[in-house]
A.B. asks: 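Attaching a single structure in structure tokens format; questions to follow.
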Amino acid sequence: MEKQQQSQLQSVYNPKIVEDHWYQFWLENDLFTARENKDKRKNYSIVMPPPNITGSLHIGHALNNTLQDIIIRWKRMQGYNVLWLPGTDHAGIATQNVVEREIAKEGKTRYDLGREEFTKRAWQWREKYGSNILNQLKKMGCSCDWSRLRFTLDEGLSKAVRKVFVTLYQEGLIYRSNYVINWCPRCKTALADIEVEQREENAKLYYVIYPLKESVEETIVVATTRPETMLGDTAIAVNPKDKRYEKYIGKIAILPLVGRELPIVADDYVDPEFGTGAVKITPAHDLNDFELGKRHKLEEINILNDDGTTNQNAGEYINMTALECRKKVLEDLKDKGYLKKVENYKHSIGHCYRCDTVIEPYLSKQWFVKIKDLAKPAIDAVESNETSFIPKRWSKVYFEWMYNIRDWCISRQLWWGHRIPVWYCKDCGEMMVRMEDPSECSKCHSKNIVQDKDVLDTWFSSALWPFSTLGWPEQTPDLEEFYPTSLLVTGFDIIFFWVARMMMMGIKFRGDIPFEKVFINPLIKDIEGKKMSKSKGNVIDPLLMIDQYGADALRMTLAALTIQANYIRLSKDKIETFRNFTNKIWNVSRFSLTHLEEFNPQEVKKENLEFSLFDEWILNQLNQTIKKVSDSLQNFKFSDAAMAIYEFTWNYFCDWYSKELILAKFIS
RNA sequence: GGGCGGGUAGCUCAGUUGGGAGAGCACUGGCUUUACAAGCCAGGGGUCACAGGUUCAAGCCCUGUUCCGCCUACCA
């Protein structure tokens, strides 16, 4: 109180004194906790997109959570039974990388520590830093139900993961297979297709001469962008309709430098127009080659170790990185006259979305989700508007991916995450997929069993978030009340990663959509339209902005900027505009208080009130503003809602109405 | 190759049944007006990318062109 009186003397609003005080007040009075819905009010629920435990609050989180908080508080005001459930994501690769960097400072690798000790360290890390971002959300003023805080590795959520895995396996929707997947040689793990970022780069197309076995005079020339993979070649393919190569089909070519005999096969996959119309086939290092190899029963020769270096199958080219190997292979090809020509060539190269390392297509045994059957009802749900995207156009993006969806590689060669609930008997080879850890082989009763070493893709557990957080697989009251959730607010960059998968899993395991509406919030760029990044030095740190201008100024800015576009541009200037707005409210409040010294609302009798023309006018404006704000929020037009409040407050209330008060005072 | 979004004031952008061209910032001029100079009052500024079409009427609907941005695809 003393503090408040002091600040009342100042003409400049000081949010620091106010904001922490009120957040404390809200917490102490337990105003964010969802209660048992005794009076059967309508429910309104949002599960927060869980930030990674490695993250600290960036401006994107600030926007995303501000918008959720606006909707949540508005619904609370409207009398709904509201739940906003917060939580964090264990973020497999990201967290593992962070912890690896930390132990690297001690000169150790995760292999020095061993799996058990390493995961212990990861847990310690999360205890220490994992809630940083949540405290930062409190600074933002987010009114989440902290009593229901969840983490993807919580016991309950882990149980949900197992339940889903085991069920899908039993239904034949999860399978294990040898397949060419995307391999990050730095993270040393498989990645799903969408975890690979394709970038077009300038490269070379190498034309390599392969002699025929029957007659050294005759040769066949193939074009390749990755000459080093020739060490794993097991065939050459041509199009069956290609007259040029008709006579070679069924003959044998000799792999230069290695001497391996390669059958020349005919396959429709080959485009006669491209390159020379003849393709080298490397089944272990190219997906198309792999599938072609299956059709022609070709040998699969894996020439890479898990760190991307060449293995013993590379013969004399062993223990080189892909680039070193390429260089050496090219030199030797040139020396021996096998390199016909080199052309400049632009094509896209895949990079790891976590560490940007070039991805190697790599043959290995992985777990997959058979996804087409799961996708179908998830497509139907959006087509029938059970779940609708706002803005509408994003449903097209969703459909595009869902119609062309491919099986999802869910195993990761990491240590941090949900371990795959599969055990193998080392004696009889039996495989057991279980909810509970088995103690012996169910077939031969041997105790000599081991659990699958891999963990699940982080997005596998995120896919269950809307119901695992509410207690599933237990049948809880929360699940009953709040599923399906009302709204999801997220960015378009994770429609495939997350939104689509929640749709599939929600429908599969709850028999109902996970959310009724999906509002796709814009992504924030700097004022020049560039992506914010630490290296460019153009980041706007929300915590710094709160410190300088106050959380309300920041939130008002973000709301006012939120139009239904893909991107919005933010600058400090824009935040200052709304800092001025908070200051305006402060000052008009000070002004009003001086006129209300003897005013006691308790003593006012409604029927005795007399309104002047100006009173009527401002009340009319107020009601129109309330309607405008409600209509705008109903349609997720955050900017319109914010600007309506801005206009009413500044133009109508301050510039007109309060001035009339002064005038009236002068006259009387 | 396929798809999507966008080109409105100097800058960032609104503009949802087709009829008024708008906001914030920036700019110009004037204000020690008893809540606020982070403010008040007044003001300048736009061939709504381009070309056609529909209409009494087009920033908005249709067709084409062009320029930017993004997503996606196994052409080695």
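This one's a predicted model, so the numbers in the text were calculated from it and none came from an experiment. Each chain gets a letter, A, B and so on, in the order the sequences are listed, and its residues count up from 1.
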A.B. asks: Determine the Euclidean distance between corresponding C1' atoms of B:G64 and B:A57; express it in Å to zero decimal places.
C.D. replies: 23 Å
A.B. asks: Report all interatomic pairs (protein N or O, nucleotide N or O of nucleotides 20-29 of chain B) with separations under 3.5 Å.
C.D. replies:
none

A.B. asks: Could you tell me how far B:C48 sits from B:G6 if I compare only their C1' atoms? Round to whole Å.
C.D. replies: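 Their C1' atoms lie roughly 14 Å apart.
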A.B. asks: Rounded to whole angstrom units, what separation is found between the CZ atom of A:R199 and the C1' atom of B:C70?
C.D. replies: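 To the nearest whole Å, that distance equals 15 Å.
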A.B. asks: Taking only residues two or more places apart in sequence or in another chain, which ones pass side chain to side chain donor-acceptor pair (under 3.5 Å) with A:K517?
C.D. replies: none
A.B. asks: If each of A:T582 and A:K396 is mapped to the nucleotide of RNA chain B with the nearest heavy atom, which maps nearer the 5' terminus, i.e. the 5' end?
C.D. replies: A:K396
A.B. asks: Using whole Å, what does the distance between atom P of nucleotide B:C11 and atom CG of A:D526 come to?
C.D. replies: 16 Å
A.B. asks: Find the distance between CD1 (A:I520) and CH2 (A:W394) and round it off to the nearest 0.5 Å.
C.D. replies: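 It comes to 7.0 Å.
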A.B. asks: Output yes when at least one side-chain N/O atom of A:R569 is less than 4.0 Å from OP1 or OP2 of B:U12, else no.
C.D. replies: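 For B:U12, OP1 or OP2 has a side-chain N or O of A:R569 closer than 4.0 Å.
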A.B. asks: Just by protein heavy atoms under 4.0 Å, how would nucleotides 71-76 of chain B read 5' to 3' in B, S and -?
C.D. replies: ---BBB
A.B. asks: Give me the distance, rounded to whole Å, that separates B:G2 from B:A23 when you measure between the P atoms they each carry.
C.D. replies: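 The answer is 43 Å between these two P atoms.
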A.B. asks: Can you name the residues that form a side chain to side chain contact (heavy atoms under 4.5 Å, CB included) with A:F274, not counting sequence neighbours?
C.D. replies: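 For A:F274, the residues satisfying side chain to side chain contact (heavy atoms under 4.5 Å, CB included) (neighbours in sequence not counted) are A:L205, A:D271, A:Y345.
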A.B. asks: Can you tell me the distance, in whole Å, between the CD1 atom of A:I563 and the P atom of B:U12?
C.D. replies: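 Roughly 12 Å, once rounded to whole Å.
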A.B. asks: Once salt bridge (Lys or Arg N to Asp or Glu O under 4.0 Å) is applied, do any residues pair with A:R569, and if so which ones, sequence neighbours excluded?
C.D. replies: none
A.B. asks: If the P atom of B:C13 is compared with that of B:A9, how far apart are they to the nearest Å?
C.D. replies: 11 Å
A.B. asks: Who are the side chain to side chain donor-acceptor pair (under 3.5 Å) partners of A:E197, not counting sequence neighbours?
C.D. replies: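 A:E197 satisfies side chain to side chain donor-acceptor pair (under 3.5 Å) with no other residue.
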A.B. asks: With a cut-off of 6.0 Å (strictly less than), are more than 12 heavy atoms of other residues, nucleotides or ligands near NZ of A:K536?
C.D. replies: yes
A.B. asks: For A:F581, run the ring-ring contact (aromatic ring centres under 6.0 Å, His included) check against A:F648, A:Y549, A:Y646, A:Y13 and tell me which one passes.
C.D. replies: A:Y646
A.B. asks: Using the P atom as the reference point in each nucleotide, state the distance between B:C40 and B:U8 in Å, no decimals.
C.D. replies: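 Looking at atom P only, B:C40 and B:U8 are 29 Å apart.
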A.B. asks: Between B:A38 and B:C27, how many Å separate the two P atoms, rounded to a whole number?
C.D. replies: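 Per the computed distance, 14 Å lies between those P atoms.
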A.B. asks: Want to know the stems of RNA chain B: at least 3 consecutive Watson-Crick or G-U pairs with distances under 3.5 Å, which are they?
C.D. replies: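 Detected stem regions: B:1-7 with B:66-72, B:10-13 with B:22-25, B:27-31 with B:39-43, B:49-53 with B:61-65.
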A.B. asks: Does the cation-pi check pass for A:K525 over A:Y567, that is, NZ or CZ under 6.0 Å from the six-membered ring centre and within 45° of its axis?
C.D. replies: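 Relative to the ring axis of A:Y567, which defines the angle, A:K525 lies inside both limits.
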A.B. asks: How long is the line joining CG of A:N583 and P of B:A35, in whole Å?
C.D. replies: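 Distance, rounded to whole Å: 15 Å.
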A.B. asks: Can you list everything that forms a side chain to side chain contact (heavy atoms under 4.5 Å, CB included) with A:L544? Sequence neighbours excluded, please.
C.D. replies: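 Side chain to side chain contact (heavy atoms under 4.5 Å, CB included) list for A:L544, sorted by chain: A:D541, A:Q548.
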A.B. asks: Can you list everything that forms a salt bridge (Lys or Arg N to Asp or Glu O under 4.0 Å) with A:E343? Sequence neighbours excluded, please.
C.D. replies: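 Applying salt bridge (Lys or Arg N to Asp or Glu O under 4.0 Å) to A:E343 gives A:K341.
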A.B. asks: When the P atoms of B:G52 and B:A58 are considered, how many whole Å apart are they?
C.D. replies: 14 Å
A.B. asks: Between A:K525 (NZ) and B:G5 (C1'), how many Å, whole number?
C.D. replies: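 Distance, rounded to whole Å: 13 Å.
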A.B. asks: With sequence neighbours excluded, tell me which residues meet salt bridge (Lys or Arg N to Asp or Glu O under 4.0 Å) with A:E261.
C.D. replies: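 A:E261 satisfies salt bridge (Lys or Arg N to Asp or Glu O under 4.0 Å) with A:K213 once adjacent residues are dropped.
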A.B. asks: Using the 3.5 Å cut-off, write out each protein N or O paired with an N or O of nucleotides 40-44 of chain B and the distance between them.
C.D. replies:
{"from": "B:C40", "atom 1": "OP1", "to": "A:K584", "atom 2": "NZ", "distance (Å)": "2.9"}
{"from": "B:C40", "atom 1": "OP1", "to": "A:W650", "atom 2": "NE1", "distance (Å)": "2.6"}
{"from": "B:C40", "atom 1": "OP1", "to": "A:D655", "atom 2": "OD1", "distance (Å)": "3.4"}

A.B. asks: Provide, to the nearest angstrom, the distance between the CG atom belonging to A:L523 and the C1' atom belonging to B:G69.
C.D. replies: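 Taking atom C1' of B:G69 as the reference, CG of A:L523 is at 13 Å.
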A.B. asks: Test your reading of the model: is there a side-chain donor-acceptor pair from A:N182 to the backbone of A:E195, 3.5 Å cut-off?
C.D. replies: no
A.B. asks: Separation of A:L561 atom CG from B:U12 atom C1', in whole Å?
C.D. replies: 9 Å
A.B. asks: Expressed in angstrom and rounded to an integer, what is the separation of A:W394 atom CH2 from B:G3 atom P?
C.D. replies: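 My rounded result for the distance is 17 Å.
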A.B. asks: P atom, B:C4 versus B:U28: distance in rounded Å?
C.D. replies: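 45 Å, rounded to whole Å.
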A.B. asks: Can any side-chain N or O of A:T224 pair as donor or acceptor with the backbone N or O of A:R226 at less than 3.5 Å?
C.D. replies: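 Such a contact is found between A:T224 side chain and A:R226 backbone.
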A.B. asks: Knowing that exactly one of A:Y362, A:Y179, A:Y269 qualifies, which makes a ring-ring contact (aromatic ring centres under 6.0 Å, His included) with A:F290?
C.D. replies: A:Y179
A.B. asks: Identify, with sequence neighbours excluded, every residue that meets salt bridge (Lys or Arg N to Asp or Glu O under 4.0 Å) alongside A:D193.
C.D. replies: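 Counting only residues at least two positions away or on another chain, A:D193 forms a salt bridge (Lys or Arg N to Asp or Glu O under 4.0 Å) with A:R406.
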